[in-house]
Each structure stands twice: as structure tokens, then as C-alpha cells.
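See structure below.
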Number of protein chains: 2
Amino acid sequence: MGAPQDSLTYLLLKAAKRSLAALEAELADLDLTARQYLLLTLAATGKELSQQDLAAKLDLDPTIIVKIVDQLEDRGLLERTRATDDRRRHQLILTPAGKQLLRDARAREQSVERTFPASASLRDLLRNALGY
Amino acid sequence: MGAPQDSLTYLLLKAAKRSLAALEAELADLDLTARQYLLLTLAATGKELSQQDLAAKLDLDPTIIVKIVDQLEDRGLLERTRATDDRRRHQLILTPAGKQLLRDARAREQSVERTFPASASLRDLLRNALGY
DNA sequence: TATTGTTATACTCTATAACTATA
DNA sequence: TATAGTTATAGAGTATAACAATA
């Protein structure tokens, strides 16, 4: 007892960093950061998420979301449109190029995840723990 | 398929952040950050770890380690002594106050981890995945 | 009045480079 | 010549506050 590898927080931090680094490396070919990829994924769900919702889901400040969306919009991967029911909100719509890139990115993520030991049971456990 | 909660990286990041936040909150009473706590834990193992070793284990820059050790030393929780076999290296020794605080901190971490769903099996899985 | 998104700015955190001492 | 630790500084990343538009 007492070693840092007994600490769940330590283990989660290490695993998250390793997983993130592997994903970033895999997405580098596509000129996509993990954040951009995850934001694209959220925008692609079709749910009417405000940028503030995205901020909460990605644990980021709303002002950071603005910048990431700027980057993706500048590259023509998504577009901001006004939500019809509440014109303060922006509805993020993936362009065809964005959808294609997201497909490629997903395939890459899946291949990198297969290299992570026990990824399937780990995912199940985390989903339960986080309430998804 | 395709939702962010399918992404192992996303799940690990969320879980790590949640776990870290809970730990920080629990350690706040002791005026200890999670980093300081984890460094103390590593220093307490008795292994002759250089500050560079600590940097690698904590995924931090060596210059960050200097500052954290400064903070802990200023509070009288540990002391830098020169390693006898290689006088370039610093051997970090916990003071009695440091040992006592570490005991308290560990107890707090254990209690907060018990609130994390399936923490035991999660820890086992992560240990295996990370090769500990 | 409150909320969404945005911008500009200040702040914090981290990494880089240069130095001392030991090897 | 290389490595451990330190310091000062530059750079990146983040949050804060103020604003316009909409509710």
C-alpha cells in the first residue's frame, strides 16, 4: 500500500494522458487535434447543443469553444447557423468535408484503441462509472 | 456508434478530471494539491528517485518538480539531501510532519475513491493496462 | 433581466535556455 | 562531455470581464 499506482486518480491521469497522446499522434496526419475531433463528434450527434453545452461536455471554457469552432469553420469542416427556436444559439452543422474527415478520424481512433489493453471492458466500466 | 462516450480517450479524460476534482476537494482541507500529494507519495516510497524520475512518473517538466518540492520543503514536509552515491542528485526525505500529513491525505483519498463506482475493478484494469 | 456568443485583455501555467555543480 | 538541479524568461494556454444580440 501507498505506492502511487494504488491511487485511482494517478492511474486515470496516466491512462488518460497515454490515450490522448496516442490519439493525437494518430490524428496528426489529418491535421486534427483531439479536441477538434471530439468537438466534431459532439456536433455530429445531431442534438441541438449550444456552444455552452459543448463547453460543459468537453470540460472547457466557452471561450475556448469559440476558438475551436473558428478553426473548424475556417477549414470548411462545419458551419455556424442560427438555431430557429432560439436565435441566440448557434447550431453547428458539419459540411460534407467535415463528415468525411470525421469518418476517417473515427476509423483511426478505433484502430488506436485496439492497441490499448482491455479497452472494451475498460470502456464499459468507465461508461457505467460516469453514468452514460 | 459515434457518440463521444464511445471514445475511450473521452471517457478517460472525463473520469480523470472527475477523480482529480474530487481528490483536490478532499485534500483542500490539508492545503495540499493533488500534485503535491502524489509527489509526496512517490518520495515516500523510499526508492532513490531523482527529481527527473519524479518528472517522468508524474508527466511533468523537471522545472515544475523543482517548484513543487520548494513548496513542500518550505512547509517543512520534506527535505532535500544530497544523494551519497551521486552528489548531483537530491534525495527527498519526508519529515515527521510530512509523513503524518501523507497518512491523513491517504485516508482521505481512500474515502473519496470509495465513492467512485467500481473503483476496485477499475484500478485493477488500469494497472494492467499501464503495466504496473 | 438573463443568456448566448464574441472579443480583448490579463493571468496562470508550462517549457526553453542558460547556468552551477557534480560526474 | 554529459547529467542533475536551478533560475529567469519567453511562450502557450486559459480565464475574466465587458459587449452586442436575443430571449
Side-chain angles (χ1 to χ4, degrees), chain A residues 13-14 16-18 20-21 23-24 27-28 31-40 42-43 47-75 77-94, chain B residues 13-14 16-17 20-21 23-24 27-28 31-40 42-43 45 47-75 77-94:
Chain A
L13 285 171
K14 290 291 269 192
K17 279 180 187 168
R18 179 177 301 190
L20 182 64
L23 179 60
E24 297 269 15
L27 294 179
D31 253 312
L32 213 55
T33 66
R35 278 184 177 182
Q36 292 171 334
Y37 165 64
L38 290 173
L39 194 152
L40 275 180
L42 279 165
K47 289 166 191 151
E48 302 194 351
L49 300 170
S50 67
Q51 292 184 193
Q52 315 242 356
D53 292 333
L54 299 181
K57 284 186 187 297
L58 294 173
D59 295 316
L60 294 173
D61 193 273
T63 60
I64 310 286
I65 302 295
V66 172
K67 292 175 188 172
I68 304 176
V69 173
D70 282 347
Q71 296 159 4
L72 297 172
E73 195 172 33
D74 288 348
R75 285 174 60 185
L77 300 175
L78 57 73
E79 288 173 358
R80 287 173 166 103
T81 65
R82 288 284 172 183
T84 48
D85 57 326
D86 182 346
R87 290 182 43 74
R88 288 174 303 183
R89 259 190 301 135
H90 277 160
Q91 183 71 12
L92 303 181
I93 312 281
L94 268 70
Chain B
L13 286 170
K14 290 291 268 191
K17 280 180 187 170
L20 182 64
L23 180 60
E24 297 270 15
L27 294 179
D31 253 312
L32 213 56
T33 65
R35 278 185 177 181
Q36 293 171 334
Y37 165 63
L38 290 173
L39 194 153
L40 275 180
L42 279 165
T45 57
K47 287 167 192 151
E48 302 195 350
L49 300 170
S50 67
Q51 294 186 191
Q52 316 242 355
D53 293 333
L54 298 181
K57 284 187 187 296
L58 295 172
D59 295 317
L60 295 173
D61 193 272
T63 60
I64 309 286
I65 302 295
V66 172
K67 292 174 188 172
I68 303 177
V69 173
D70 282 347
Q71 296 159 4
L72 297 172
E73 196 172 32
D74 288 348
R75 285 175 60 185
L77 300 174
L78 57 73
E79 287 172 358
R80 287 174 167 102
T81 65
R82 289 284 171 184
T84 48
D85 57 326
D86 182 347
R87 291 183 41 76
R88 289 173 303 182
R89 259 191 302 136
H90 277 159
Q91 183 70 14
L92 303 181
I93 313 281
L94 268 68

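Letters A, B, ... are given to chains in the order of the sequence lines, protein chains preceding strands, and every chain is numbered from 1. None of the values given here were measured: they were computed from a predicted structure.
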Practice task
Take B:Leu92 and B:Leu54, measure what side-chain contact (heavy atoms from CB on, under 4.5 Å) needs, and give me the verdict at the end.
Solution key: CA-CA 11 Å; B:Leu92 303 181; B:Leu54 298 181; 3.6 Å; yes

Handout entry: Whole-Å distance separating the CG atom of A:Asp59 from the P atom of D:dG13
Key = 18 Å

Pick out the pairs of N or O atoms, protein on one side and nucleotides 4-8 of chain C on the other, that lie under 3.5 Å.
from	atom 1	to	atom 2	distance (Å)
C:dG5	OP1	A:Gln51	N	2.9
C:dG5	OP1	A:His90	N	3.3
C:dG5	OP2	A:Gln51	N	3.1
C:dG5	OP2	A:Gln52	N	3.0
C:dG5	O3'	A:His90	ND1	3.1
C:dT6	OP1	A:Arg80	NE	2.6
C:dT6	OP1	A:Arg80	NH2	3.3
C:dT6	OP1	A:His90	ND1	3.3
C:dT6	OP2	A:Gln51	OE1	3.2
C:dT6	OP2	A:Gln51	NE2	2.6
C:dT6	OP2	A:Arg80	NH2	3.2

Exercise for the section: Could you list the residues that satisfy side chain to side chain donor-acceptor pair (under 3.5 Å) with A:Arg75, not counting sequence neighbours? Expected result: none

Exercise for the section: Verify the contact: side-chain N or O of B:Arg35 to OP1 or OP2 of C:dT14, cut-off strictly under 4.0 Å; return yes or no. Expected result: yes

Practice task
Rounded to the nearest angstrom, tell me the gap between atom CZ in B:Arg87 and atom P in C:dT20.
Solution key: 18 Å

Problem - Basic-acidic side-chain contact under 4.0 Å: B:Arg80, B:Asp70 - result: yes

Practice task
Give each stem of DNA chain C as a range with a range, requiring at least 3 consecutive Watson-Crick or G-U wobble pairs whose two distances are under 3.5 Å.
Solution key: C:1-23 with D:1-23

Handout entry: Over all atoms of both residues, closest heavy-atom pair of B:Gln36 and B:Asp31
Key = OE1-O, 3.8 Å

Practice task
Using only heavy-atom distances, determine whether the side chains of B:Gln91 and B:Glu48 contain a donor-acceptor pair under 3.5 Å.
Solution key: no

Practice task
Would you mind telling me which residue lines up with the more 5' stretch of DNA chain D, A:Thr84 or A:Ile64, judged by nearest nucleotide?
Solution key: A:Ile64

Practice task
Test B:Leu38 against B:Leu42 for side-chain contact (heavy atoms from CB on, under 4.5 Å), laying out the working first.
Solution key: CA-CA 6 Å; B:Leu38 290 173; B:Leu42 279 165; 5.6 Å; no

Exercise for the section: Provide, to the nearest angstrom, the distance between the CG atom belonging to A:Asp61 and the C1' atom belonging to C:dC11. Expected result: 13 Å

Problem - Charged N-O contact under 4.0 Å between A:Asp86 and A:Arg82 - result: no

Practice task
Give the rounded distance in Å between these two atoms: CG of B:Leu72 and C1' of D:dG5.
Solution key: 16 Å

Handout entry: Crowding at NZ, A:Lys57 (>12 non-hydrogen neighbours, <6.0 Å)
Key = no

Practice task
Provide, to the nearest angstrom, the distance between the CD1 atom belonging to B:Ile68 and the P atom belonging to C:dA15.
Solution key: 11 Å

Practice task
Could you state the atom-to-atom distance from CD of B:Glu48 to P of D:dG5 in whole Å?
Solution key: 12 Å

Handout entry: Step-by-step side-chain contact (heavy atoms from CB on, under 4.5 Å) determination, A:Thr81 to A:His90
Key = CA-CA 6 Å; A:Thr81 65; A:His90 277 160; over 6 Å; no

